[in-house]
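FYI, side chains are in, hydrogens and waters are out, and symmetry mates aren't considered; it's all heavy atoms of this structure. On a predicted model such as this, the values are computed, not experimentally measured, just so you know. In listed order, ligands and their atoms are each counted from 1.
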Amino acid sequence: MSEAKIAPSLLSGDFSNLEHEVGRMLEYGSDWLHVDIMDSQFVPSLTIGPIVVKAMRNHFTKEKAFFDCHLMVMNPEKWVDEFADAGANMFCFHYEATEKHMEVINRAHERGMLVSCAVKPNTPVEVLDPLVQHLDMALIMTVEPGKGGQSFRSECLPKVNYLRKRYPDLDIEVDGGLSPKTVDAASDAGANVIVAGTAVFKAENPTQVIAELRNSVLK
Ligand code: DX5
Ligand code: ZN
């Protein structure tokens with residue numbers, strides 16, 4: 001079984017002080033930092049790009065801070081090199097955003113990144129079957145991508161179950177509405193990488209929330 005990894009989403013953090021936000025999340029016990037990239041085309045919102053990933057990378061080595069970059073952008077093939085140059089550890093692109101899936105995967109691997117493919121709630125999970133053998137992770141969205149703070153959609157979990165049954169060693173990430181209340185359903189379905197924005201950043205005790213999320217995966 002794959003290891004538990006907890007990835008707070010910086011989308012709920014203070015964008016004016018990302019060095020501090022990354023540093024404190026690491027102190028609280030997070031494994032990865034989830035970085036949400038939105039282009040106002042694939043999703044309505046506009047967030048940050050590789051220049052900001054690079055700015056964060058200047059303060060933390062690749063070993064110290066694992067940047068799990070979730071690209072909610074059209075034509076992700078255009079961005080592989082820039083994110084590699086910026087120091088991304090994981091390049092996660094959306095299945096729906098391109099037809100050049102293998103081009104993205106191969107180029108991202110050539111450039112030394114891990115690669116994940118994400119599916120939106122209405123995209124059937126079977127589209128990932130031909131790709132999984134080439135992927136390091138799959139991301140099952142449990143909200144419609146585009147903003148933090150939405151309600152968890154448990155109807156997406158059979159997709160996690162489908163992947164876990166077929167691919168026992170695959171890292172399977174869930175993103176959207178995860179909290180100590182919803183994580184058990186996701187971990188029971190087989191998710192081992194948990195993204196949480198609101199639940200961690202708005203918590204009174206983020207260390208405890210991160211520990212609770214981890215314990216749910218390990219139980
Ligand atoms: C949504 C993003 C998520 C978001 C999660 O489009 O991909 O990573 O930050 O936020 P919460 O945990 O608040 O749903
Ligand atoms: Zn995300």
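At the top of the distance list for atom 9 (O) of ligand 1, counting protein heavy atoms only, stands Ser9 OG, 2.8 Å. Counting only heavy atoms of the protein, atom 2 (C) of ligand 1 lies nearest to Asp36 OD1, 3.5 Å.
With a 4.5 Å cut-off on side-chain heavy atoms, Asp129 and Tyr167 count as touching. Ile48 is not listed as a side-chain neighbour of Leu10, based on a closest heavy-atom distance of 4.5 Å or more.
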Q. Going through the checks in order, is the side chain to side chain donor-acceptor pair (under 3.5 Å) test met by Asp14 and His20?
A. CA-CA 9 Å; Asp14 177 359; His20 175 73; over 6 Å; no

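Taking the six-membered ring where tryptophan is involved, the planes of Trp79 and Phe83 are perpendicular, since the angle between them exceeds 60° and thus also 30°.
Any N or O atom pair closer than 3.5 Å counts here, and Gly149 shares at least one such pair with ligand 1. Residue Gly197 has at least one nitrogen or oxygen atom sitting less than 3.5 Å from a nitrogen or oxygen atom of ligand 1, judged on distance alone. For ligand 1, one of its N or O atoms has an N or O atom of Gly177 under 3.5 Å away. Between Ser12 and ligand 1, no N or O atom pair is found at a separation short of 3.5 Å. Taking any N or O of Gly146, backbone or side chain, at least one lies under 3.5 Å from an N or O belonging to ligand 1.
What you find for Asp39 and Met72 is that their closest heavy atoms are OD1-O, 3.3 Å.
Salt-bridge formation is not detected for the pair Asp68/Lys5: no Lys NZ or Arg NE/NH1/NH2 atom is positioned less than 4.0 Å from an Asp or Glu carboxylate oxygen. No salt bridge links Arg57 with Asp85; every basic N to acidic carboxylate O contact stays at or beyond 4.0 Å.
Taking the ring centre of Phe152 as origin, the terminal cationic atom of Lys181 falls outside the region bounded by 6.0 Å and 45° from the ring axis.
Inspection of the environment of the Zn ion (ligand 2) yields the following protein N, O or S atoms under 2.8 Å: His34 NE2, Asp36 OD1, His70 ND1, Asp175 OD2.
In terms of the side chain to side chain donor-acceptor pair (under 3.5 Å) criterion, residue partners of Arg107 (sequence neighbours excluded) are, by chain and number, Asp81, Glu110.
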